[in-house]
Structure formats: C-alpha cells, structure tokens
There are 2 protein chains.
Amino acid sequence: MPEDVADTWGALLKVHAALVPLLDRELQEAHGLPLTWYDVLLELNAAPERRLTMGQLGSVAAVSRTRVSRVVDELVRAGLVARDPNPDDGRSAFAALTPAGRTALRKAAPTYLAAVRREFADHLTVREADVLASALRKVLAASGRER
Amino acid sequence: MPEDVADTWGALLKVHAALVPLLDRELQEAHGLPLTWYDVLLELNAAPERRLTMGQLGSVAAVSRTRVSRVVDELVRAGLVARDPNPDDGRSAFAALTPAGRTALRKAAPTYLAAVRREFADHLTVREADVLASALRKVLAASGRER
DNA sequence: TATAACTATGTGCGTACGCACGTAAATACT
DNA sequence: AGTATTTACGTGCGTACGCACATAGTTATA
C-alpha cells in the first residue's frame, strides 16, 4: 500500500514546523544566536577559504538572497563575519568568517547537534537516516538543476 | 559509513527552503490561494465534521496558534470558512469549512499535488517514499508527545 | 455558592522576510 | 572603443509572523 505523495510531503512540512522554532529558541537562549545566524555561519565555515559571495550564500543558505545582505550586516556588527572585497569582481563582496565567528560556531554546535539528535536523529534507525539523506539530496539536486 | 545527523537534517531544511516558496507561488498564481490558506483548508477538510477549534487548528497546521486567528479571519472574509460557536464551551469557536471552501480546495488540489509530484515525489523510489513517511511520522509523534 | 486557578481565544506591537527597484560593475555586441 | 545587456548587490517598503498581554469562559477549591 504505497503512501500518498501529499502525506509524505505533509509530514516533512510538519516536522519542519515543529522542530525549527524549537531549535531556534534553544540556540538563542543558550548562545544568543538566531538559527539564521547559525545557518549562515555553518555555510561559511564549510565553504572553501571559509567565505562566500552574497549570491552564493543566498543560494546555499535557507535565507533568501536579499535577506542575506541584512543578516551579514548584523553578523559584521557582531564581529562574526567580515565583508571582504572581491578583487576579481568589483560588484561582488565576500562574507568571510572571522576567528570570532568560528569560535561562536564551535561553541553553539554542541547545543544544536544535541537538539537535532534528541528531536530528530534519535528517532530514526541508521537505515532510515541513510535513506532520508540520499533521498532528500536527490530532490535537492533535481530542484537546483532546473533553476 | 553512516551519515552525519546534521547533514540529514540540513538536507531537510534545504528541501523545505527550496520547495515551499515554489509551491506557494504556484498556488497563488493559479488560484489566488496562499500556501497557508491551502494548509488550513486541507486540515479542516480532513477533520471530523470538517471543522476544528482554533487551538486544534493551531496544533495541526504549520501556522502558529496565534496566527490562526488572523488567517481564519481572512478565510471567513473570503467565504471559505465559517466561525461556528462551540455549544459545549463558550470560549471556543470552530472554524468550519464552507461548501465554497471545499470547492476552492478541490480546485487547487491538482495544482498542488502536481507540483509536489514534480518537485518531490517523482525523484523518490516507492521504497524511499515509504521510509520517508514512516520515519518522519515517528519524529513527529515523538515531538508531539513531549509537548 | 464564592473565589481562585486555568484554558481558549483575539489583538497590539515589534521583528523577520522577500519583492520591486535602483546602483554599479562586468560582459556581449556593433 | 562605445553602447546595450546582464549580473551582483543593497535598500525602501509592505506583508507575514509570533510573543506578550488582555478578555471571557470554564474548572477546581474552599
């Protein structure tokens, strides 16, 4: 008996709606980091040379491209990110993780990971987690391709 | 080689970020229904007697409990939902799907389902979809239990 | 029954968000 | 080279959102 497609998608929506505010509050209370900041710091940390242009950041992060400008503004004011000019393109600007930004990310990561495990991963078998990851990545690849 | 828990969760976040705005725009352009409206109508349609109290609606829908009041206001103005008093509890009020609401939902559903298939389900095998649905439901059940 | 504690709902208000637009730089075209 | 088109970015502005609080009705306590 195959699942209804809408039910599977609906379950994903509900999980997102239930867990994201929870993770956000937990990060904020423990470290003063909104989930948006954490997400941006995470992406920058994973990027080559720990920096990305605004456009790249808008593509990979959960936040929209236009929103990135203001979030990076906030992060710069907090000292966690620096705006570096792009020598190869005068229009472009890099958002680069500062040492303070890395430190903040390292400090917040255990809180975030613990919450993700407790609320999400601990309820999945290893096989389920693997299937989930590969399946979601396929969806993501298809979505990114036709953009 | 087991997946990192954060990567799996991160993939879910990215899929949500990529697909939700797309579904919203598509529903809006084709039928003038924001995704929020569609979600509320869907939950009401699935409920016994096609109605729910505000609190119940806030729990099952993706929208927060406080937000429900205003969304239902809009739906009432649009004629898709009616506010029925609850005879058993004077504080409470039902949001009940009107015939026009059911019609709107029936009309919008094909658009929504087609988009969900195209962007999501078509990229999954049947087995993956089944694992996804059951896994996400387990997460959801655990999250709802300790609330 | 009278009062206290609790629950369901609506609303004021500040924040987060993304679209539409403007600006500046790079690329394509002649 | 000079002009037009495209691209990357930031900002004004209106909308969506949820928290904190107020209100009214219900349940528990004495």
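Letters A, B, ... are given to chains in the order of the sequence lines, protein chains preceding strands, and every chain is numbered from 1.
Mapped onto DNA chain C by nearest heavy atom, A:R67 and B:D73 fall at different nucleotides, with B:D73 at the one closer to the 5' end. Along DNA chain C, the nucleotide nearest B:G55 and the nucleotide nearest A:S64 are compared for position; the residue whose nucleotide lies closer to the 5' end is B:G55.
Judged by distance alone, the side chain of A:K14 and the main-chain N or O of B:V60 form a donor-acceptor pair under 3.5 Å. Not one N or O on the side chain of A:N86 forms a donor-acceptor pair closer than 3.5 Å with the backbone of A:S92.
The distance from atom CD of A:Q56 to atom C1' of D:dC9 is 13 Å, rounded to the nearest whole Å. Computed from coordinates, the A:D39 CG to C:dA16 P distance equals 15 Å when rounded to whole Å. Per the geometry, CD belonging to A:E74 stands 13 Å off P belonging to D:dG10, to the nearest Å. As a whole-Å value, the separation of B:D84 CG from C:dT9 C1' is 16 Å. Summarising the geometry, the separation between CZ on B:R70 and P on D:dG18 is reported as 11 Å, rounded to the nearest angstrom. Atom pair B:N86:CG and D:dA24:C1' shows a separation of 14 Å (rounding to whole Å applied). We find that CZ of B:R65 is positioned 13 Å from P of C:dT11, with the value rounded to whole Å. In this structure, B:D88 places its CG atom 15 Å from C1' of C:dT7, rounding to the nearest Å.
You'll find that the side chain of A:R91 is closest to D:dT7, out of C:dT9, C:dG18, D:dT7.
An OP1 or OP2 oxygen of D:dC17 is reached within less than 4.0 angstrom by a side-chain nitrogen or oxygen of B:T36. An OP1 or OP2 oxygen of D:dA8 is reached within less than 4.0 angstrom by no side-chain nitrogen or oxygen of A:S92.
For a distance-only test at 3.5 Å, the side chain of A:R25 fails to qualify as a donor-acceptor partner of the base of D:dG18.
Using a 4.0 Å heavy-atom cutoff across all strands shown, A:S69 reaches at least one base atom of the nucleic acid. Contact annotation for B:D89: backbone-only contact, meaning every heavy-atom pair under 4.0 Å involves sugar-phosphate atoms and none involves a base.
Closest approach of A:F120 to B:V139, counting heavy atoms only: O-CG2, 3.8 Å. Considering all non-hydrogen atoms of both residues, A:G55 and A:R65 come closest at CA-CG, 4.4 Å.
Atom-to-atom distance recorded for B:T111:OG1 and B:L33:CG is 9.0 Å, nearest 0.5 angstrom.
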